[in-house]
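Below: one structure, written as C-alpha cells.
If you're wondering where the values come from, they're calculated on a predicted model, not measured in any experiment.
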Amino acid sequence: MQRLYDFLRRHPTWVDAFWAVVLFGVSGLSVVTLDGVRGHHGSVAAGMAVSTALCVVVALRRRLPEPMLLLALGAGLAQLVLDVETTTADFAMLVITYTVAATGALWSSRLALGVSLCAATVAEIRWPTGHSSFAGQIAIAVFQTVPFALAWVLGDSVRTRRAYFAQLEERAARLEKEREAQSKVAVAAERARIARELHDVVAHNVSVMVVQADGAAYVMDAAPDQAKAALETISSTGRQALAEMRRLLGVLRTGEHQESGEYVPQPDVEQIDDLVEQCRSSGLPVDFKVEGTPRPLPSGVELTAYRIVQEALTNTRKHGGPNAGASVRLVYFDDGLGLLVEDDGKGAPHELYEDGGVDGRGHGLIGMRERVGMVGGTLDAGPRPGGGFRISALLPLKPAH
C-alpha cells in the first residue's frame with residue numbers, strides 16, 4: 001500500500017485518469033438510463049460525446065490546464081446547442097475551474113471565474129426547473145453558482161499560498177547568498193587586519209634587529225661586551241617577533257588544537273613602556289610621558305594606540321637619521337585617549353610615509369588611518385615646522401566591558 005501511495009503521489013495524472021474513468025462510467029450509465037424518459041432532452045450519442053469530452057478534461061487537467069478549460073467550454077456550448085441536459089460528467093466543470101484557478105495562467109483563471117458565475121444561470125434558462133416560480137428559478141441558479149465560486153476561490157487561495165511559499169524560498173536563497181557575501185567580506189577584512197598586524201610586527205622588530213646587528217659588527221673588535229649585548233637584544237627581539245607572528249598566523253589554522261597560552265595576548269597601552277625601552281636600547285632616544293589618570297580602555301583602543309606608537313617609532317628609526325630623537329605623549333582625557341609622537345630627525349618625504357615606507361611595501365600612515373578609523377578616532381600626521389615629523393591621534397573612549 002505504501003508503494004502504491006508513493007507511486008500515485010509521484011504520478012498524479014494516473015489518479016486523474018482513474019477518476020475520469022469512474023466519472024465516464026457513471027455519466028454514461030445515467031445517459032443510457034435517462035434515454036426515453038419523459039421530459040428528457042438530447043440523444044444518447046450526443047450525451048456520450050459530451051460526457052467523453054468532459055472526462056478527458058478531468059484526465060488531463062494537470063498536464064494541460066488551459067487547453068482542458070477550452071475543451072470544457074466547448075463541451076458546455078455543445079450541450080446548449082445539442083440540447084443535452086446536465087449530467088454527472090458536468091462535475092468536470094467544477095474540477096477544471098479549481099485547476100486553472102490554482103495552476104493555470106491568469107487569463108484562464110479569470111475566464112473560468114466569469115464562465116462559472118454564468119453557467120448555472122444559463123443552464124437554468126436553457127432547461128428550467130418544472131413547476132418553479134421565477135423567484136424559485138433565481139434561487140436555484142444562485143444555489144448552483146455557489147459551488148463554482150467556492151471552487152475558484154479555493155484554487156486561487158492555493159495559488160496565493162504557493163506564490164507565498166515560493167517567495168519565502170527565494171528570500172531564503174537571497175539571504176543565504178547575502179550571508180555568503182558577508183562572510184567573504186569578513187574574511188577579507190580579517191586578512192587586511194592580519195596584514196596590518198604583520199606589517200607592524202615585522203617592520204618594527206626587524207628594524208631593531210638591523211640596527212643592533214650593524215652596531216654589533218661595528219664594535220665587535222673594540223668592545224666585545226657591547227657586541228654581546230647587541231646580539232642578546234637581537235635574540236630577544238627575534239623571539240618576540242616570532243611569538244607575535246605565531247599568534248597572528250594561528251588564526252588562519254583550522255582543525256588544530258591550540259594549547260592554552262600558546263599565543264601571547266594582544267599588546268596594550270601598558271606595553272608601550274616596554275616598546276620605548278626597546279627603542280632606547282637600540283640607540284634611539286625616546287622621551288615618554290603619561291598625562292591624566294590611566295584607566296581601563298577598550299581592547300581595540302589599546303591595540304590601536306600601541307600600534308600607532310610602534311609604527312611612528314619605526315619610521316623615526318628608518319627615516320630620522322643617526323642623531324634623531326623622539327618623544328611620546330599619552331594623554332587620558334575624559335572622553336578620549338590622545339597620542340602625540342614627534343621626532344627631530346631629517347625625516348623623509350611625506351609621500352613615502354603615505355606609501356608605507358621607502359620600499360613601498362608597508363602600510364605606513366595608510367595603516368594608521370585604517371586603525372584609527374576602525375575605533376572612530378582622528379589622525380593628523382605631517383612634517384614639523386622645525387624639522388622632523390609629528391603624528392597626533394585622538395581615540396574616543398567607550399565603557400570597557
Side-chain angles (χ1 to χ4, degrees), residues 4-31 47-80 84-127 129 138-170:
L4 178 61
Y5 173 77
D6 294 337
F7 174 79
L8 295 178
R9 187 176 59 179
R10 292 193 302 268
H11 303 84
T13 304
W14 286 92
V15 178
D16 294 337
F18 170 78
W19 288 114
V21 172
V22 173
L23 184 63
F24 179 78
V26 174
S27 61
L29 181 63
S30 63
V31 168
M48 293 300 296
V50 170
S51 297
T52 301
L54 293 176
C55 291
V56 171
V57 168
V58 173
L60 300 178
R61 67 184 183 91
R62 297 178 195 264
R63 189 179 297 272
L64 303 169
E66 292 85 1
M68 291 303 99
L69 174 64
L70 298 178
L71 178 60
L73 294 180
L77 291 176
Q79 278 187 279
L80 295 175
V84 177
E85 290 185 285
T86 56
T87 62
T88 308
D90 286 294
F91 180 76
M93 300 287 187
L94 283 173
V95 175
I96 194 60
T97 297
Y98 164 81
T99 302
V100 295
T103 62
L106 186 59
W107 67 266
S108 64
S109 176
R110 293 176 177 177
L111 178 61
L113 176 62
V115 173
S116 297
L117 296 178
C118 300
T121 302
V122 172
E124 186 63 24
I125 294 174
R126 185 69 174 86
W127 302 287
T129 304
I138 293 178
I140 293 174
V142 171
F143 179 78
Q144 293 178 345
T145 301
V146 170
F148 286 95
L150 291 177
W152 186 89
V153 169
L154 180 60
D156 188 69
S157 65
V158 171
R159 175 198 294 270
T160 303
R161 186 177 63 179
R162 288 174 179 171
Y164 174 71
F165 287 142
Q167 185 179 11
L168 289 180
E169 292 177 355
E170 180 184 359

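- Residues Ile140 and Phe143 form no side-chain contact, since every pair of their non-hydrogen atoms from C-beta on lies 4.5 Å or further apart.
- Residue Glu66 comes nearest to Ala105 through the heavy atom pair OE2-N, 2.7 Å, listed as atom of the first residue, atom of the second, then distance.
- Between the side chain of Asp90 and the backbone N or O of Thr87 there is at least one donor-acceptor pair closer than 3.5 Å.
- The CZ atom of Arg110 sits 4.0 Å away from the CG atom of Leu106 when rounded to the nearest 0.5 Å.
- Considering all non-hydrogen atoms of both residues, Arg159 and Ser109 come closest at NH2-CB, 4.0 Å.
- Looking at every heavy atom in both residues, Phe148 comes nearest to Thr97 through O-CG2, 4.0 Å.
- Of all heavy-atom pairs spanning Thr103 and Arg162, the tightest one is CG2-NH1, 2.9 Å.
- The two residues Ala72 and Ile96 have their closest heavy-atom pair at CB-CG2, 4.1 Å.
- Panel note: side chain Trp152, backbone Ala101; no donor-acceptor pair is recorded below 3.5 Å.
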Side-chain donor-acceptor pairs of residues 49-59 under 3.5 Å, sequence neighbours excluded:
{"unit_1": "Ser51", "atom_1": "OG", "unit_2": "Gly47", "atom_2": "O", "d": "2.9"}
{"unit_1": "Thr52", "atom_1": "OG1", "unit_2": "Met48", "atom_2": "O", "d": "2.7"}

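- In this structure Leu168 satisfies the side-chain contact (heavy atoms from CB on, under 4.5 Å) test together with Tyr164, Phe165, sequence neighbours excluded.
- The side-chain hydrogen bond (donor to acceptor under 3.5 Å, both in side chains) search around Arg62 returns Asp16, not counting sequence neighbours.
- Taking both residues in full, the closest heavy atoms of Thr99 and Pro65 are given as CG2-CB, 4.2 Å, listed atom of the first, atom of the second, then distance.
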May I have the step-by-step check of side chain to side chain contact (heavy atoms under 4.5 Å, CB included) for Leu111 and Leu73, ending in yes or no?
CA-CA 10 Å; Leu111 178 61; Leu73 294 180; 3.7 Å; yes
